[in-house]
Amino acid sequence: GGTYLLATDLREYQDELWDNIPCVGYCDPMLGNQIELLPLENASGFDFVVESLGTISGRLTDSQSGSPVVGGRVVLERSDGGDSGWGYSDTQGNWISDGLLPGIYFVETSLYGVYQNQVYDGIPCDPDCRWDQGSPIALSNQEEITGFDIALERLGGISGSVLAASTGTPLADLRVEAWSSLGLLVD
């Protein structure tokens with residue numbers, strides 16, 4: 001027995017507290033209705049009916065070759081500072097961010113080293129992203145918006161390998177850091 005509180009923890013649906021109390025942002029169970037149970041009591045009928053949330057998706061490509069950018073991170077920022085979303089591009093460059101509450105969103109890329117980050121639609125991040133300079137995306141409840149495709153400009157780079165001195169064998173899964181002439185670590 002004891003006192004209990006129930007809350008959903010869902011990705012693609014509106015979280016809520018029992019009894020039909022929608023959550024905005026973090027779902028704090030302490031704000032819900034308490035359920036009192038006697039020792040060894042079984043209780044049923046504590047059901048939830050939840051609304052599906054919105055989805056924004058697109059594709060990341062290399063601006064020169066048109067090839068998909070694999071594993072690229074996309075961040076969605078809400079104009080009101082509320083919960084945002086994110087996604088990673090798959091082997092075809094497609095990304096999706098689901099479980100989004102209704103609101104105004106801005107899309108930015110968050111990749112390091114190979115491509116110039118940008119805010120949708122085509123605004124380079126130099127050096128930081130200013131998501132509020134991008135094109136706003138209005139999302140309604142249960143809406144699926146597609147077509148937020150981003151062609152990324154390739155940055156310059158340094159390449160090489162790390163070899164074992166005794167055998168000349170290439171070593172894998174190592175980190176090599178790049179530092180500027182001012183002594184600053186370069187992302």
Side-chain angles (χ1 to χ4, degrees), residues 1-61 68-112 115 117-123 125 128-150 152 187:
T3 302
Y4 299 91
L5 300 130
L6 302 178
T8 62
D9 185 12
L10 309 169
R11 172 122 173 98
E12 297 177 28
Y13 295 88
Q14 171 72 53
D15 280 322
E16 65 179 47
L17 303 167
W18 187 84
D19 178 33
N20 200 30
I21 303 170
C23 300
V24 178
Y26 170 69
C27 203
D28 184 353
M30 300 310 290
L31 300 176
N33 294 325
Q34 295 183 353
I35 301 166
E36 300 287 339
L37 296 180
L38 299 172
L40 304 177
E41 179 183 8
N42 290 318
S44 62
F46 295 98
D47 302 323
F48 293 84
V49 178
V50 295
E51 296 280 340
S52 64
L53 296 173
T55 299
I56 298 175
S57 63
R59 187 166 189 252
L60 297 182
T61 57
V69 173
V70 178
R73 185 169 189 247
V74 176
V75 178
L76 283 75
E77 300 285 352
R78 276 180 52 128
S79 63
D80 64 2
D83 281 356
S84 56
W86 52 269
Y88 287 92
S89 58
D90 63 16
T91 57
Q92 300 302 310
N94 298 314
W95 63 268
I96 185 168
S97 183
D98 55 15
L100 301 173
L101 294 168
I104 305 296
Y105 288 86
F106 294 88
V107 176
E108 68 184 65
T109 60
S110 180
L111 301 107
Y112 295 99
Y115 292 99
N117 285 318
Q118 65 174 262
V119 176
Y120 185 84
D121 188 22
I123 300 170
C125 302
D128 297 318
C129 283
R130 291 280 318 269
W131 56 264
D132 57 339
Q133 295 178 345
S135 298
I137 303 163
L139 181 70
S140 301
N141 209 21
Q142 301 180 354
E143 186 175 15
E144 293 184 23
I145 303 177
T146 62
F148 289 94
D149 302 338
I150 301 171
L152 297 166
D187 285 334

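Quick note: numbers below take in every heavy atom, side chains included, and nothing from hydrogens, waters or symmetry partners.
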Closest heavy-atom pair and its distance - [X], [Y]:
| X | Y | result |
| --- | --- | --- |
| Ala138 | Glu143 | O-OE1, 3.8 Å |
| Asn117 | Cys129 | CB-SG, 4.1 Å |
| Glu108 | Glu77 | OE1-CG, 3.9 Å |
| Asp149 | Tyr120 | O-CE1, 3.6 Å |
| Gly72 | Leu111 | CA-CD2, 3.4 Å |
| Leu5 | Asn33 | CD2-O, 3.8 Å |

Once the angle between the rings of Phe106 and Trp131 is folded into 0 to 90°, is it parallel (under 30°), tilted (30 to 60°) or perpendicular (over 60°)? tilted

Heavy-atom distance under 4.5 Å between the side chains of [X] and [Y], does that happen here?
| X | Y | answer |
| --- | --- | --- |
| Leu100 | Thr55 | no |
| Val119 | Cys125 | yes |
| Tyr115 | Thr109 | no |
| Ile56 | Leu139 | yes |
| Leu6 | Phe48 | yes |
| Cys27 | Asp9 | no |

Backbone N/O of [Y] and side chain of [X]: donor-acceptor pair under 3.5 Å:
| X | Y | value |
| --- | --- | --- |
| Ser97 | Trp86 | yes |
| Asp15 | Leu10 | yes |
| Asn141 | Pro102 | no |
| Arg78 | Gly85 | no |

Give, for atom [atom1] of [X] and atom [atom2] of [Y], the distance between the pair rounded to the nearest 0.5 Å.
| X | Y | atom1 | atom2 | answer |
| --- | --- | --- | --- | --- |
| Gln142 | Glu51 | CD | CD | 5.0 Å |
| Glu16 | Ile21 | CD | CD1 | 8.5 Å |
| Ile96 | Ser89 | CD1 | OG | 13.0 Å |

For Glu144, is the CD atom crowded, meaning more than 12 foreign heavy atoms sit under 6.0 Å from it? no

Kindly check if the number of other-residue, nucleotide or ligand heavy atoms within 6.0 Å of OH (Tyr13) is above 12? no

For Phe148 and Leu76, what are the C-alpha separation, side-chain angles and deciding distance, and is it a side-chain contact (heavy atoms from CB on, under 4.5 Å)? CA-CA 11 Å; Phe148 289 94; Leu76 283 75; over 6 Å; no

When you look at Gln34 and Thr3, which way does the side-chain contact (heavy atoms from CB on, under 4.5 Å) test go after all the steps? CA-CA 6 Å; Gln34 295 183 353; Thr3 302; 3.5 Å; yes

Can you list the steps and then say if Ile150 with Leu60 is a side-chain contact (heavy atoms from CB on, under 4.5 Å)? CA-CA 5 Å; Ile150 301 171; Leu60 297 182; 3.7 Å; yes

Pair Gln118-Leu152, side-chain contact (heavy atoms from CB on, under 4.5 Å): steps then yes or no: CA-CA 8 Å; Gln118 65 174 262; Leu152 297 166; 3.9 Å; yes

